[in-house]
Amino acid sequence: MIIAANLKTNFTREETNLYIEEIEGFVSSKNLTQEVLVFPAMSSLDTNDTSIIVGAQNAYATKDGAFTGEIGLVHLDEFAIKTILIGHSERRHILGETQEELVKKFNYYKDLGFKIVYCVGEPLKKREAGKHEMMEYIASQYDGIDTEYENLIIAYEPVWAIGTGLTPTLEDIQEIHKALKEKSKAPLLYGGSVKVTNAKEVLSLSNVDGILVGSAALYTDHFCSMIEFAQELQRK
Ligand code: PGA
């Protein structure tokens, strides 16, 4: 399974390095074989000699150039980063990234062979508009995306569940994941208020190949427990 931590705008570089070290220490001491991904804040990227996969939360579709406030490929190359998060709801809804811009970014990093964690998910209004409209909205987030890309991971993250403590029911998650698996065979993660208290249930659902965790991942002990849950479930 894939257990991913989105650290968002948290942790300095020093704190992030300690975080990664602690997670790696846990994973190797327990011989855990799960795929663990960590997405630090931009300025906390570093040369991490680790088995944990470190990815970027964002980068512009460019090698370098005049794009104030953005980073490009050269900045990822400096730290041998080969994994990127694209389409996170905070980038779509707070930073205003459009599907067109995301597709451009997706294609740029796909052509470079990056592992891409591509996020989809509906805001509350769309959920309340009924299943048909909700699924149509999510489907539109697949527009222009190569769903057969070999290094693709998709994360289903309902916007209203992110950082709110609210989650869809387990039945809901299962049903939506089943529908999304028909759109792409790529590993499909669930994200949105995954906590140490519900991670096991979520990870047990069919068509859930892992989790993308925000707030709860800031606690190393919680994040480590989630990796261990995944391992236990896989052993069954
Ligand atoms: P959350 O965030 O776990 O705090 O809800 C998840 C995410 O944004 O990926």
Side-chain angles (χ1 to χ4, degrees), residues 1-58 79 81-86 88-91 115-119 121 153-158 161-168 170 173 177 187-205 208-236:
M1 288 196 208
I2 301 165
I3 312 296
N6 177 6
L7 301 181
K8 307 193 179 184
T9 320
N10 298 293
F11 294 167
T12 60
R13 180 175 291 141
E14 195 181 340
E15 287 165 342
T16 302
N17 285 341
L18 286 173
Y19 179 90
I20 292 170
E21 245 173 64
E22 211 174 306
I23 306 281
E24 151 140 75
F26 180 83
V27 167
S28 58
S29 71
K30 300 242 172 191
N31 291 319
L32 304 180
T33 53
Q34 306 307 303
E35 190 169 334
V36 180
L37 275 62
V38 174
F39 294 92
M42 287 315 169
S43 67
S44 300
L45 294 177
D46 206 345
T47 311
N48 299 104
D49 181 18
T50 173
S51 60
I52 304 294
I53 299 171
V54 179
Q57 291 175 21
N58 178 48
F79 302 116
I81 304 283
K82 288 269 169 231
T83 301
I84 186 166
L85 196 61
I86 294 180
H88 188 275
S89 86
E90 283 149 17
R91 297 218 51 94
K115 187 190 283 289
I116 298 177
V117 179
Y118 180 71
C119 305
I153 296 170
I154 295 176
Y156 168 61
E157 299 202 300
I162 296 179
T164 57
L166 302 171
T167 49
L170 296 174
I173 297 176
H177 272 237
L188 182 57
L189 317 184
Y190 169 78
S193 293
V194 176
K195 308 281 176 215
V196 75
T197 45
N198 63 8
K200 210 179 235 173
E201 292 171 323
V202 172
L203 284 166
S204 315
L205 299 173
V208 171
D209 304 306
I211 45 179
L212 175 55
V213 191
S215 359
L218 297 177
Y219 304 93
T220 39
D221 51 338
H222 289 207
F223 190 60
C224 287
S225 297
M226 295 186 207
I227 304 169
E228 215 172 7
F229 290 160
Q231 189 83 17
E232 283 166 19
L233 288 165
Q234 219 162 34
R235 279 204 187 112
K236 276 189 186 160

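The CD1 atom of I84 sits 9.0 Å away from the CZ atom of F39 when rounded to the nearest 0.5 Å. Separating the CG atom in N48 from the CD1 atom in I53 is a distance of 12.5 Å, to the nearest 0.5 Å. Taking CZ of F229 as the reference point, atom CD of E201 lies at 10.0 Å (rounded to 0.5 Å). Interatomic distance, CG of L212 versus CD of E157, reported as 4.0 Å (0.5 Å rounding). Taking CG of L37 as the start and CD1 of I23 as the end, the distance is 12.0 Å to the nearest 0.5 Å. I153 contributes atom CD1, which lies 5.0 Å from atom CD of E35 (distance to the nearest 0.5 angstrom).
A side-chain donor-acceptor contact under 3.5 Å links R13 to the backbone of S43.
The closest side-chain donor-acceptor pair between E24 and T50 falls under 3.5 angstrom.
Here the shortest heavy-atom pairing between L189 and A4 reads CD1-CB, 4.5 Å. Across P187 and D209, no two heavy atoms sit closer than the pair CA-OD2, 3.4 Å. When all heavy atoms of N198 and S193 are compared, the pair lying nearest together is ND2-O, 3.1 Å. Residues L7 and A217 come closest through the heavy atom pair CD2-O, 4.4 Å. Of all non-hydrogen atoms in N31 and Q231, the two that sit nearest each other are O-NE2, 4.1 Å. A pairwise comparison of heavy atoms in P40 and T16 identifies CB-CG2, 3.5 Å as the closest pair.
The side chain to side chain donor-acceptor pair (under 3.5 Å) search around Q57 returns none, not counting sequence neighbours. For the side chain to side chain donor-acceptor pair (under 3.5 Å) test, residues two or more places apart in sequence or in another chain that qualify with D46 are N17.
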message: Walk me through whether F11 and L18 qualify under side chain to side chain contact (heavy atoms under 4.5 Å, CB included).
response: CA-CA 10 Å; F11 294 167; L18 286 173; over 6 Å; no

field: Derivation and outcome, side chain to side chain contact (heavy atoms under 4.5 Å, CB included), residues T83 and V54
entry: CA-CA 7 Å; T83 301; V54 179; over 6 Å; no

- prompt: Do H222 and V213 pass the side chain to side chain contact (heavy atoms under 4.5 Å, CB included) test, and can you show the C-alpha distance, the side-chain angles, and the key distance before you say yes or no?
  reply: CA-CA 10 Å; H222 289 207; V213 191; over 6 Å; no

task: Give the C-alpha distance, both sets of side-chain angles, the deciding distance and a yes or no for side chain to side chain contact (heavy atoms under 4.5 Å, CB included) between F223 and I3.
output: CA-CA 9 Å; F223 190 60; I3 312 296; 3.5 Å; yes

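Residue D221 qualifies as enclosed at atom CG: its count of foreign heavy atoms under 6.0 Å is above 12. Y219 OH: 12 or fewer foreign heavy atoms inside a 6.0 Å radius.
Between Y190 and P158 the shortest side-chain heavy-atom distance falls below 4.5 Å. Residues L85 and C119 meet the side-chain proximity criterion, which asks for heavy atoms closer than 4.5 Å. Counting only heavy atoms from C-beta outward, the side chains of H177 and L205 never approach each other to under 4.5 Å.
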